[in-house]
Amino acid sequence: MTGLLPHIGSLASGPRDAITDVAGVTVGHHTLADGDVQTGVTVVRPHAGDAYRDKVPAAAVVLNGFGKSVGLVQVAELGVLETPIALTNTFSVPAVAQAQIRQCIVANPGCGRELPTVNPLVFECNDGYLNDIQRMAVEERHYLQAHDACGVDVEQGAVGAGRGMSCFGLKGGIGSASRRVDGGHTVGALVLANFGKLPQLVVAGQPVGRQLAARADGSDSGAEKGSIILLLATDAPLDARQLRRLALRAGAGLARTGSVFGHGSGDIALAFSTAYTVPHLPQRPMPAVAMLHEARMDALFQAAADSCEQAIVHALWHAVPVTGRDGHRRDALADLLGGWPSLQGPTA
């Protein structure tokens, strides 16, 4: 059935069609699935070292600011990451941020004393329809387990932070994809998809949501109350200003799936480069890196848009049905489509 999944755009994907096609990037999950608790943590590591000591250039764009993420102010000011990137549910942001701070202190005992404090970076979406978010079930150990589970094989769908997420009224969650461009560079995307209303869903330009809503003999008239986090990694040598430009193109891929960046949707994109690191200690030399020329960024922009769109489709496609809090249920897109021939085409 996965052969029916369309390939978005004309660019080739990497061998895994995942964010980990950018060398050095790894992803890990810890999933909590027990009755009314349907949630978890996902961690993206930009490299295998200590991100506090060897920072990664990055920039973020807020497409719609109905969100409660932690760490974006300093990213905007300094243009670097200094922890792994964590994803979780809205009410678990403080617990995961504290876990990141403690993790940094263990590795760097001077943090917050003779060394500067660390900037935790935690993104969130509200999974309260399927998950009893008031339970605040995510603990420090769950972040650490997701961190230690990081690897190059990316599990997708209803896993980690994506366990309780909904997307277009269906089961959403974690999705990932990648695209290669001429010149040898790769752009990889990972999304936490928790947005949209079913009639809005578009897959590879086809109004799949309208057809599914009509088949269900009804429509969703309620307000959108979701969010999406879009992460982009690239091995292209870009500075923070250029990475902000790249992050903005995530919105193009998001819009193609039918999103209108609704009032209650926290839509945030972040891009980072693995081409170089910025040393924490001033005694170490700053990197001497030739940045990519602006005129060569259009291919990266296309790769960002296409990989984000593909990652959203993957999040829907790989999800399984989940029943959670108070018997609430979300069905899986792949189950509803079955062998629907209208999605056949170039395969991912």
Side-chain angles (χ1 to χ4, degrees), residues 1-31 40-49 56 84-87 146-163 165 167 172-193 203-204 228-236 246-247 249-250 253-254 257 269-275 299-300 302-320 333-334 345-348:
M1 186 162 65
T2 55
L4 300 177
L5 184 61
H7 179 93
I8 304 299
S10 59
L11 297 174
S13 62
R16 301 181 188 89
D17 200 8
I19 194 171
T20 52
D21 287 324
V22 178
V25 178
T26 54
V27 176
H29 306 293
H30 186 75
T31 305
V41 183
T42 295
V43 173
V44 179
R45 298 187 66 188
H47 60 67
V56 176
I85 303 164
L87 308 172
H147 178 276
D148 292 347
C150 282
V152 296
D153 296 322
V154 183
E155 190 177 0
Q156 300 180 60
V159 295
R163 177 63 190 180
M165 302 298 170
C167 191
I174 296 290
S176 194
S178 70
R179 293 293 181 268
R180 291 173 162 176
V181 303
D182 291 341
H185 294 305
T186 299
V187 175
L190 184 140
V191 303
L192 180 61
V203 177
I228 184 169
I229 304 302
L230 307 110
L231 305 179
L232 288 166
T234 184
D235 52 14
L246 187 68
R249 271 61 184 187
L254 174 59
T257 66
L270 178 137
F272 64 90
S273 172
T274 63
L300 297 180
Q302 179 182 346
D306 289 354
S307 60
C308 283
E309 181 181 0
Q310 187 80 67
I312 293 166
V313 173
H314 283 171
L316 287 161
W317 195 260
H318 290 291
V320 296
L333 176 64
T347 56

Basic-acidic side-chain contact under 4.0 Å: R179, D17: yes

Can you give me the closest heavy-atom contact between G172 and A319, atom names plus distance? O-CB, 3.8 Å

Between atom NE2 of H29 and atom CD of E155, what is the distance when rounded to the nearest 0.5 Å? 6.0 Å

S273 vs V56 side-chain heavy atoms within contact, under 4.5 Å: no

Rounded at 0.5 Å granularity, tell me how far OG1 in T257 sits from CD in E309. 7.0 Å

Side chains of V181 and T186 in contact at under 4.5 Å (non-hydrogen atoms): no

With side chains defined as the heavy atoms from C-beta onward, is the minimum distance between T20 and V27 less than 4.5 Å? yes

Could you grab the distance from atom OG of S307 to atom CG of L231, nearest 0.5 Å is fine? 11.0 Å

Approximate separation, where rounding is to 0.5 Å, of R163 CZ and T42 OG1: 12.5 Å

Point-to-point distance, once rounded to the nearest 0.5 Å, from CG of L11 to CG of D306: 5.5 Å

Without swapping roles, check the side chain of Q156 against the backbone of G175 for a donor-acceptor pair under 3.5 Å. no

May I ask you to test the R180-S13 pair for a side-chain heavy-atom distance under 4.5 Å? no

Calculate, to the nearest 0.5 Å, the distance between atoms CD1 and SG belonging to I228 and C167 respectively. 6.5 Å

Using a 4.5 Å cut-off on heavy atoms from C-beta on, say whether the side chain of T234 contacts that of T274. no

For G14 and S178 the tightest heavy-atom approach is N-OG, 2.9 Å

Non-hydrogen atoms of S176 and V154 that approach each other most closely: CB-CG1, 4.2 Å

Can you name the nearest heavy-atom pair linking I19 to A233, along with the distance? CG1-CB, 3.8 Å

With sequence neighbours excluded, what pairs up with A247 under the side chain to side chain contact (heavy atoms under 4.5 Å, CB included) test? V61, A269, A271

So which of L232, L246, I85, V22 actually passes side chain to side chain contact (heavy atoms under 4.5 Å, CB included) with F272? I85

Closest non-hydrogen atom pair, V191 against C308: CG1-O, 4.4 Å

